[in-house]
S.K.: 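Next up is a structure, given as structure tokens.
To find a chain, count down the sequence lines: A is the first, B the second, and so on, and within it residues start at 1.
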There are 2 protein chains.
Amino acid sequence: MATGRAHRPATRSRGIPEATVARLPLYLRALTALSERSVPTVSSEELAAAAGVNSAKLRKDFSYLGSYGTRGVGYDVEYLVYQISRELGLTQDWPVVIVGIGNLGAALANYGGFASRGFRVAALIDADPGMAGKPVAGIPVQHTDELEKIIQDDGVSIGVIATPAGAAQQVCDRLVAAGVTSILNFAPTVLNVPEGVDVRKVDLSIELQILAFHEQRKAGEEAAADGAAPPVAARKQQRSTGSADQGPDGDVPAVMPA
Amino acid sequence: MATGRAHRPATRSRGIPEATVARLPLYLRALTALSERSVPTVSSEELAAAAGVNSAKLRKDFSYLGSYGTRGVGYDVEYLVYQISRELGLTQDWPVVIVGIGNLGAALANYGGFASRGFRVAALIDADPGMAGKPVAGIPVQHTDELEKIIQDDGVSIGVIATPAGAAQQVCDRLVAAGVTSILNFAPTVLNVPEGVDVRKVDLSIELQILAFHEQRKAGEEAAADGAAPPVAARKQQRSTGSADQGPDGDVPAVMPA
DNA sequence: CATTGTGAAACAATTCACAGCC
DNA sequence: GGCTGTGAATTGTTTCACAATG
């Protein structure tokens, strides 16, 4: 993660481990699904299965938030949804700008889970003047020239970069200069940012390469342990990737604004 | 499983840490950029800066691969590119299928870095019969019915799921049944897969929620340490790696051929 | 003598296992 | 009896610091 770490004497009394923070959204999603099915309570075992982690980890994670469960019973779904939302800061409104409206930018703009959780697409921005005014996901695309004004007027603090790699640093600099302090970068580039600005990246090609590594290893083992019985049996929950327990990265290229 | 490829020339014992594997693609990208600029050698310090990590970590990472550097000099760029590529399995061809050709699927299909590194889009698949035959990124979309045949005929072992959440598990099951053993999942769902199948996920809303958490914390600290240097002060693009560990799990992208 | 490679130390995350409570 | 919450043990990762070396 990218938090500047110069002086930070252990954040508040609330020192939630980064690995835990990365899993909270996962729990929240599972809880939301339960909530929609009007399930009142859930055990750590059940919730862990739904989120794809093991129950000990889940309980440990929750223990950093407080004691929100009831021994012998489990957790109150609605209450937990609220607590996690609050902890993640989702009880407030986060206006977001998406820069680079190619296929990827459009996909992001159309992404539902976006709007649903406190995030609001404040603006779609593209460098192509031909895109200006064109609606994507019901929102008219605006030209890059408007970037600073939009950020300041709407108090945007989160920016999403979905431009080609070549434009990313420049866009990043403008976002930061205008006041954005958190950036989600889909361009396959390392962004340089000042202290205090958080950057997370999503990079498709990195994810594929990691998969290739493991795939190769599987092939090698297979050849080595040649003819061994195929161990395909019990179902395993996926492990998340790094970054967020999912970490990952994936760089998806915005197919350039034509 | 398709290609049996016993391959273990490396003198190192098996077991490169997962965290290291996740960073190799990053180093590779930075090295590729250097290679294109015909830079012959690079020090751990320089390369680390380009990849956005610190040099001690980089050296430790490389130490798991073997001793490929020269004391007092640095690393030979071309040689390292080759060694890392080999370690990641990128010296072989990896056919990939992308299922779900919406905006996201199209963005992925158009992604250049895809084809560049051993990955080849073997097929684009969508459930909408209306899409069939329509070319995306120069490749005609095929109907879901063809999925099994394509995977078997092309020996595909890596699948990318870019469908809506509701279809993901079903698509996943079919991919796995047909022989896919590595999946990159863009749908916001936890996938259940049998033992031996790798899943990595890329989830936009999780990334945003993590950013929101840190953003909220910044706001809190600001209020607490009131009056302290406004986060909007020294805002110049710096090459500082100070706040630089970007990425979810500590993966950082580097320059890439646009 | 600049720079790698690596033990050892420090730190972080995960898992175990069980006391405590409903 | 069932399930949470958490210290303690374990495993994994990062950082330090310096001896080894081209």
S.K.: Which heavy atom of Gly89(B) sits nearest a heavy atom of Trp94(B), and at what distance?
M.R.: O-NE1, 2.7 Å

S.K.: Within the 3.5 Å criterion, strictly below it, is a donor on Thr91(A) or Arg86(A) matched to an acceptor on the partner's side chain?
M.R.: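 Not at all, the side chains of Thr91(A) and Arg86(A) share no donor-acceptor pair under 3.5 Å.
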
S.K.: Want to settle it: does Thr70(A) or Ala56(A) sit nearer the 5' end of DNA chain C, counting the closest nucleotide to each?
M.R.: Ala56(A)

S.K.: Return the value, rounded to whole Å, for the distance between atom CD of Glu46(B) and atom C1' of dA2(C).
M.R.: 12 Å

S.K.: Quick one: Lys60(A) NZ to dG7(D) P, roughly how many Å, whole number?
M.R.: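 Computing the Lys60(A):NZ to dG7(D):P distance gives 7 Å.
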
S.K.: Hey, would you say the Tyr79(B) and Tyr68(B) ring centroids sit under 6.0 Å apart?
M.R.: yes

S.K.: Would you tabulate the nitrogen or oxygen pairs shorter than 3.5 Å linking the protein to nucleotides 11-13 of chain D?
M.R.:
{"residue": "dT13(D)", "atom": "OP1", "partner": "Ala19(B)", "partner atom": "N", "Å": "3.4"}

S.K.: Heavy atoms under 4.0 Å, any strand shown: does Gly74(A) hit a base, just sugar-phosphate, or nothing?
M.R.: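 Gly74(A): backbone/sugar contact only, no base atoms under 4.0 Å.
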
S.K.: Is Tyr75(B) touching bases, backbone alone, or none of the nucleic acid, heavy atoms closer than 4.0 Å?
M.R.: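 Here Tyr75(B) touches the backbone only, sparing every base.
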
S.K.: May I have the distance from Leu65(A) (atom CG) to dT6(D) (atom P), rounded to whole angstrom?
M.R.: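 Rounding to the nearest Å, CG of Leu65(A) and P of dT6(D) are 11 Å apart.
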
S.K.: For the side chain of Arg71(B) and the base of dT21(D), is some donor closer than 3.5 Å to an acceptor across the two?
M.R.: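 Per atom types, no contact qualifies.
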
S.K.: Think Ser44(B) has a side-chain N or O under 4.0 angstrom from the OP1 or OP2 of dT4(C)?
M.R.: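 Result: yes.
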
S.K.: Roughly, in whole Å, what's the span from OH in Tyr68(B) to P in dG5(C)?
M.R.: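 Spelled out: OH on Tyr68(B) to P on dG5(C) is 11 Å.
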
S.K.: For residues Phe213(B) and Glu87(A), report the shortest heavy-atom separation together with the two atoms involved.
M.R.: CD1-O, 3.2 Å

S.K.: Between dC22(C) atom C1' and Asp76(A) atom CG, what is the distance in whole Å?
M.R.: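 Roughly 15 Å, once rounded to whole Å.
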
S.K.: Between Leu58(A) (CG) and dA13(C) (P), how many Å, whole number?
M.R.: 16 Å

S.K.: Minimum heavy-atom separation for Cys172(B) to Val193(B), with atom names?
M.R.: SG-CG1, 3.5 Å

S.K.: Determine the sole option in Phe62(B), Tyr27(B), Tyr82(B) for which the ring pair (Phe, Tyr, Trp, His ring centres under 6.0 Å) test with Tyr75(B) is passed.
M.R.: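 For Tyr75(B), the ring pair (Phe, Tyr, Trp, His ring centres under 6.0 Å) check succeeds only for Phe62(B).
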
S.K.: Can you measure Asn54(A) atom CG to dT14(C) atom C1' for me and round it to whole angstrom units?
M.R.: 8 Å

S.K.: Could you give the distance from CG (Leu175(A)) to CD1 (Ile161(A)), rounded to the nearest 0.5 Å?
M.R.: 5.0 Å

S.K.: Within this structure, what is the CG-to-C1' distance between Asp61(A) and dT15(C), rounded to whole angstrom?
M.R.: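 Taking CG of Asp61(A) and C1' of dT15(C), I get 12 Å after rounding.
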
